[in-house]
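Accompanying notes for the structure given below.
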Amino acid sequence: MNYKYEKLKLRDCSNIIDSKNRGTLSVCFDGKPYSELVFYDTDCFCGCFIVYFNICKCGELIEKINNGSYASLLITRKCNNEIETVNLEGTLEILEEKEDCCCEKKKDCFKTVKLNIDKINGRIYYKKC
């Protein structure tokens, strides 16, 4: 299938980010890409976005994230015959927690990671007639 695309305005990207709660987080570890589905929350003020994730302290993703790691989050939304994508790029920051995890998959076995966004790109793809 052939698709055409147009760039999305920041306002449209904002709507997509706010309407979804999950995306694919990609980081680079030992020169290799690593991606994982994550669920996120956002804070938006004065046109600036901050994205937060809760990631299992004992999982593979947290091992691959270092403070200052550069990452991207891809958010997609399908509507009729159109696909909207927003790609957020920025640095990851692991927020300090008071408790340490001695895991057997406890409820509180998560770390909060913050994505400080440097760049937002959005596109809408539609079938070429």
Side-chain angles (χ1 to χ4, degrees):
M1 283 187 198
N2 288 334
Y3 281 89
K4 287 177 72 174
Y5 73 88
E6 294 176 12
K7 289 185 178 182
L8 291 174
K9 295 179 182 175
L10 185 58
R11 179 185 70 236
D12 297 326
C13 292
S14 173
N15 289 337
I16 293 168
I17 294 165
D18 286 338
S19 71
K20 302 295 277 185
N21 69 344
R22 66 186 178 280
T24 304
L25 182 68
S26 297
V27 296
C28 190
F29 182 76
D30 284 342
K32 297 177 185 173
Y34 181 82
S35 299
E36 191 170 302
L37 176 68
V38 293
F39 293 87
Y40 66 85
D41 288 320
T42 60
D43 279 340
C44 178
F45 53 94
C46 301
C48 297
F49 289 97
I50 300 174
V51 177
Y52 298 95
F53 312 93
N54 285 322
I55 297 175
C56 183
K57 292 179 184 179
C58 304
E60 194 173 349
L61 181 58
I62 199 73
E63 293 173 7
K64 297 186 182 328
I65 294 174
N66 294 317
N67 281 328
S69 292
Y70 205 75
S72 71
L73 175 66
L74 179 65
I75 302 165
T76 60
R77 180 171 74 177
K78 186 175 181 180
C79 183
N80 297 326
N81 287 328
E82 299 174 344
I83 300 170
E84 299 167 318
T85 65
V86 176
N87 190 45
L88 308 171
E89 296 178 16
T91 54
L92 295 171
E93 176 184 351
I94 300 171
L95 303 180
E96 292 300 316
E97 304 284 331
K98 292 180 182 175
E99 290 185 26
D100 206 20
C101 174
C102 298
C103 197
E104 269 308 316
K105 297 294 180 189
K106 295 179 181 178
K107 280 186 184 178
D108 61 348
C109 188
F110 293 94
K111 279 200 175 273
T112 303
V113 178
K114 178 177 156 184
L115 176 62
N116 299 302
I117 300 167
D118 297 332
K119 188 175 174 183
I120 299 175
N121 290 315
R123 290 183 175 179
I124 183 168
Y125 294 87
Y126 51 92
K127 287 184 181 179
K128 192 175 180 180
C129 295

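- Nearest approach of S35 to T24, heavy atoms of both residues: CB-CG2, 3.8 Å.
- Distance check, rounded to the nearest 0.5 Å: CG of L92 to CD1 of I65 gives 5.0 Å.
- We find the NZ-CG distance between K7 and L10 to be 13.0 Å, quoted to the nearest 0.5 Å.
- To the nearest 0.5 Å, the span separating OG1 on T112 from NZ on K57 amounts to 9.0 Å.
- Applying the side-chain hydrogen bond (donor to acceptor under 3.5 Å, both in side chains) criterion to Y34, with sequence neighbours excluded, gives E36.
- How far OG of S26 is from OH of Y70: 12.5 Å, rounded to the nearest 0.5 Å.
- Under the 4.5 Å side-chain heavy-atom criterion for grouping Ile, Leu, Val, Met, Phe, Trp and Tyr, I124 is connected to I120 within one hydrophobic cluster.
- More than 12 heavy atoms of other residues, nucleotides or ligands sit less than 6.0 Å from atom OH of Y52.
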Could you list the donor-acceptor pairs under 3.5 angstrom formed by side chains in residues 80-90, with sequence neighbours left out?
| unit_1 | atom_1 | unit_2 | atom_2 | d |
| --- | --- | --- | --- | --- |
| E84 | OE1 | R77 | NE | 2.7 |
| E84 | OE1 | R77 | NH2 | 2.9 |
| N87 | ND2 | E89 | OE2 | 3.3 |

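- Each of L115, I75, N54, L25 was scored for a side chain to side chain contact (heavy atoms under 4.5 Å, CB included) with Y40, with one residue passing: I75.
- Two residues are said to be in side-chain contact when any heavy atoms from C-beta on lie closer than 4.5 Å; K78 and T76 fail this criterion.
- Under the 4.5 Å side-chain contact rule for hydrophobic residues, I117 and V38 share a cluster.
- Side-chain atoms of K119 and N121, non-hydrogen and from C-beta on, do get closer than 4.5 Å to each other.
- Counting only heavy atoms from C-beta outward, the side chains of I16 and L8 approach each other to under 4.5 Å.
- Between T91 and D118, the shortest heavy-atom contact is N-OD2, 4.3 Å.
- Using a 4.5 Å cut-off on side-chain heavy atoms (C-beta onward), I62 and I94 make contact.
- The backbone N or O of N15 sits less than 3.5 Å from a side-chain atom of S19, completing a donor-acceptor pair.
- Distance CD/E93 to CD1/I50: 9.0 Å, rounded to 0.5 Å.
- The CG atom of L73 sits 12.0 Å away from the NZ atom of K20 when rounded to the nearest 0.5 Å.
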